[in-house]
There are 2 protein chains.
Amino acid sequence: MKAIIPFKKKDTKSRLSPLLSQSEREMLAERMLEDVIHAIDSSVVRKYEVLTEGTLDDAINGAIRDVQTPILIVMPDLPLIQSRHINEVVGSSADVVIAPGRGGGTNLLFLREPHTFKVQYHNTSFLRHVQIARDRGMSVDIYDSFFVSTDMDVPEDLVELLIHGNGAAAQYLCEIDVTISTILDMDTL
Amino acid sequence: MKAIIPFKKKDTKSRLSPLLSQSEREMLAERMLEDVIHAIDSSVVRKYEVLTEGTLDDAINGAIRDVQTPILIVMPDLPLIQSRHINEVVGSSADVVIAPGRGGGTNLLFLREPHTFKVQYHNTSFLRHVQIARDRGMSVDIYDSFFVSTDMDVPEDLVELLIHGNGAAAQYLCEIDVTISTILDMDTL
């Protein structure tokens, strides 16, 4: 089994631009990836591949098309994820396990038979992925974690990182002096 | 052991006013309370008290001051909570269990010795409650649940309710024709 992590460094996380410069957003994205890889590295999965090319769906569907062993797809902006989460998700007996993100996202997607599945990450992908699994007669587990649900899209999300984080991404926010007050005092909130 | 639920019906949930009228917000608040009570009723706790008077901290601190048996404090706007969550929280061996809400909130607070604790629900109460417990030498468990973290403060939160909910509050949104599109198409988002 391995994990795949789609990752885009350039022009990423534009909704954080009221708070962070482009180079800071790119640096944050790298640090978050580091946290995600650390969690995978410390889990039972250990093997991973970072996908850096193409659109999200194409990159992932290309990567899983011929894979006959289980795959875990991990979003790269989950700095609060821990190895425990990964172990619990891949330890499920279901055919498909989905950890929802805020707003109907899919933050972790475990596929027991990747070659029979096509991902669709746009819009409310959570509902889509549940439907795709059911249409194929696959059993679905919803993995319920606040820390895994917390991706970093908008400035308020960074409050969660400052409150709950202790990895590379949280450390980076300290380095560039982003505090809870900095974020909550922003005019645009 | 019992659960206490602080509840305010009047002038509640003002940040939902771009989407819901005052009477709709009050009705939603009641339906959410119904969902919370249903979860408690189906859990090992079963006994509960709804606190309707005073400010949040005063009402709760008054209610727990002389209590020598464990207490679970449940916020009333958690329509995605299930009895499983409550059983897991009160089954912890820690002195204090906190289920964080978004933005540093405290959505569930389990106190093994309520009379030795004073709650402080304003601002980032999560950090405060962790600190209060540590200052008293109490062990602290963080309970990690997306569904419990999801309280209903702003219109986007109702998207989570529509995607993941199947209780009285979710049903109410259907009754008044609030859909995911209604919310995402709002000008103010």
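Letters go in sequence order (proteins before strands), and every chain restarts at 1.
- In terms of hydrophobic clustering, with Ile, Leu, Val, Met, Phe, Trp and Tyr side chains grouped at heavy-atom distances under 4.5 Å, L78(B) and V154(B) are assigned to different clusters.
- Considering only heavy atoms from C-beta on, F147(A) comes within 4.5 Å of I142(B) through its side chain.
- Taking all atoms of both residues into account, the shortest heavy-atom contact from H164(A) to P100(B) is CE1-CB, 3.7 Å.
- Residue pairs satisfying the salt bridge (Lys or Arg N to Asp or Glu O under 4.0 Å) criterion with at least one member in residues 76-103 of chain A, sequence neighbours excluded, are listed as follows: K13(A)-D77(A), R84(A)-E88(A), R84(A)-D144(B), R102(A)-D157(B).
- Across L127(B), T150(B), V159(B), the residue that shares the most heavy-atom pairs under 4.5 angstrom with chain A is L127(B).
- Of residues 103-115 of chain B, those residues with a non-hydrogen atom less than 4.5 Å from any non-hydrogen atom of chain A are, in numerical order, G103(B), G104(B).
- Under the 4.5 Å side-chain contact rule for hydrophobic residues, V96(A) and I132(A) share a cluster.
- Heavy-atom neighbours of chain A within the stretch residues 27-50 of chain B, taken at a separation under 4.5 angstrom, are nonexistent.
- The shortest side-chain heavy-atom distance between I163(B) and F126(A) falls under the 4.5 Å cut-off.
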Distance-only donor-acceptor pairs under 3.5 Å for side chains of residues 60-68 of chain B, two or more places apart:
unit_1, atom_1, unit_2, atom_2, d
N61(B), OD1, V119(B), N, 2.8
N61(B), ND2, D57(B), O, 3.2
N61(B), ND2, V119(B), O, 3.2

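- Looking at S145(B), the atoms closer than 4.5 Å to chain A (heavy atoms on both sides) sit in the backbone and in the side chain alike.
- In the displayed structure, N87(A) atom CG is contacted under 6.0 Å by more than 12 heavy atoms of other residues, nucleotides or ligands.
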